[in-house]
Amino acid sequence: MTKSQANTSSSAPPKVDGLDFGFNVPLDRAELSSAKWEYEISRKGDPTLLCFGTAEMDYRAAPPICAALERVAKAGHFGYPYKRVSYYEAIIGYFNRHFSWSIQKDWIASNVGIYPSMQPIIDELTSPGDEIIYQPPVHHIFPEVITAAGRTAVANPLVKRGTRYEMDFEDLAAKTTARTKILLLCSPHNPVGRVWTREELERLNAFCLERGVIVVADEVYCSLVFEGVEFTPFAGLSQSASLNSITLVSASKSFNVTGLKHSLFVAENPDLRDAYMRGLKRNNLYFGGCIFGQAATEAAFRDCDDWSLAAVRYIQGNFEYLRSFIEKHLPLVTVTTPEATYFAWLDFGRLGLSVDELRSFFEDEAHVVVTLGEPLGAGGKGHARFNLGTTRSLVEEGLHRIAQAYERRTAS
Ligand SMILES: Cc1ncc(COP(=O)(O)O)c(C=O)c1O
């Protein structure tokens with residue numbers, strides 16, 4: 001059984017009222033050098049730029065993570081790490097506590113990231129020319145990782161109904177052939193913020209089982225699910241789903257440790273695990289790992305529930321601010337309602353700008369960086385992804401700048 005029988009009692013939610021993790025406090029950037037901020041400022045040569053692009057948060061990591069990293073640094077020895085029992089207990093405990101998903105130690109392997117894990121999976125489980133399905137608009141690496149491996153990337157675009165996206169099962173059936181071997185699922189979905197319901201995932205599972213398609217579920221945003229929304233790990237649906245899938249997950253996005261390079265691979269099916277290990281060996285990636293990333297992952301999954309809930313609440317507050325601001329000041333722009341992640345997915349299509357014009361609108365006129373939707377594939381045109389994982393005051397300032405640029409554009 002993959003779903004916990006014994007311990008479905010999620011422990012009581014942590015008490016976060018009154019706890020202050022400093023989400024409102026801007027980081028002191030003097031010693032920082034990040035792709036999200038310092039790279040963009042240097043790329044544009046614009047020190048006034050505000051950056052809402054790269055997928056990470058502008059928050060200090062949770063105190064238990066910082067303490068775990070300090071302990072490693074203080075010990076002063078940075079050799080190849082070994083995973084103690086406590087590491088596995090932290091991971092197993094987290095998924096059981098939050099999602100009633102029971103996993104076993106033997107199902108877990110690690111790597112330096114989610115995307116580096118996709119490549120050995122694709123190499124070992126498919127042959128050149130085989131087809132792999134992905135669901136755009138989605139992070140551009142999904143199709144890139146497929147085509148870089150010499151496989152055919154087949155888009156099964158999401159469909160937008162009102163302000164919510166859904167999977168297109170008719171299109172999926174039409175696109176699936178005898179050469180379709182894997183479906184790369186993004187759950188929760190970046191950038192559209194969907195948390196797939198159990199019913200949607202069950203339908204997907206039934207389809208993939210019938211057509212012999214393995215599901216590789218990228219669940220990296222599973223700990224950034226908004227309050228009141230239920231996340232179901234794909235493999236936690238049923239034993240058939242568990243045996244026909246691989247889960248890729250990490251603490252990196254949800255606990256803001258993207259630079260620590262540690263991710264998890266989870267599969268109940270020993271054939272899928274063996275294939276993955278073969279792929280890692282071929283790339284000489286099966287030994288070693290990042291000692292800091294390992295320590296941070298253990299602390300994140302064991303000791304940071306309160307920080308995580310507080311971060312989600314803060315980000316939900318940022319989203320509510322953004323939604324009402326846009327309704328009031330940018331009426332031509334449509335806001336998708338997210339159920340997870342720190343992204344607001346915004347449709348600027350009615351401004352009628354090309355991708356270059358839209359980039360210039362944000363970067364040269366508003367002096368803000370966002371992630372443009374067009375490179376995220378079908379359905380991304382005219383859209384922008386605004387990262388809400390920052391202080392409320394920066395969200396306010398960024399939106400005011402965008403509103404001023406919008407007024408200039410719409411007045412002319
Ligand atoms: C859906 C998704 N998966 C994975 C990643 C990257 O994960 P990693 O840095 O572990 O490869 C990203 C980064 O933005 C992402 O959006």
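Along the sequence shown, residues carry numbers from 1. In each ligand, atom 1 is the first atom listed, and ligand 1 is the first ligand listed.
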* Neighbour count >12 (heavy atoms, 6.0 Å) for atom NZ, Lys181 -> yes

* Verify whether one side chain among Tyr59 and Trp307 offers a donor that lies under 3.5 Å from an acceptor in the other. => no

* Asked: So with a 6.0 Å cut-off around CD of Glu320, is the heavy-atom count from everything else above 12?
  -> yes

* What residue and atom, counting heavy atoms only, is the protein's closest point to atom 16 (O) of ligand 1, and at what distance? -> Asn190 ND2, 2.6 Å

* Asked: In terms of residue, atom name and distance, what is the protein heavy atom nearest to atom 14 (O) of ligand 1?
  -> Lys253 NZ, 2.9 Å

* Can you tell me how far the OG1 atom of Thr180 sits from the CD1 atom of Ile214, to the nearest 0.5 Å? -> 12.0 Å

* **SB check Arg278 Asp123 (cutoff 4.0 Å)** => no

* Asked: Applying a strict 4.0 Å limit to heavy atoms, is Ser263 in contact with ligand 1?
  -> no

* Could you check atom 9 (O) of ligand 1 against the protein and tell me its nearest heavy-atom contact, residue, atom and distance included? => Lys261 NZ, 4.2 Å

* **Any His189 heavy atom less than 4.0 Å to ligand 1** => no

* Asked: Relative to the ring of Phe95, is the ring of Phe301 parallel (under 30°), tilted (30 to 60°) or perpendicular (over 60°)?
  -> tilted

* Asked: With a cut-off of 4.0 Å, which atoms of ligand 1 are near a heavy atom of Gly113?
  -> 10 (O), 11 (O)

* **Closest approach of any protein heavy atom to atom 3 (N) of ligand 1, naming residue and atom** => Asp218 OD2, 2.5 Å

* Asked: What is the nearest protein non-hydrogen atom to atom 15 (C) of ligand 1, stated with its residue, atom name and distance?
  -> Tyr115 OH, 3.3 Å

* To do: Determine whether the side chain, the backbone, both or neither of Ala55 has a heavy atom under 4.0 Å from any heavy atom of ligand 1.
  => side chain

* Asked: Just which atoms of ligand 1 are under 4.0 Å from any heavy atom in Pro116?
  -> 11 (O)

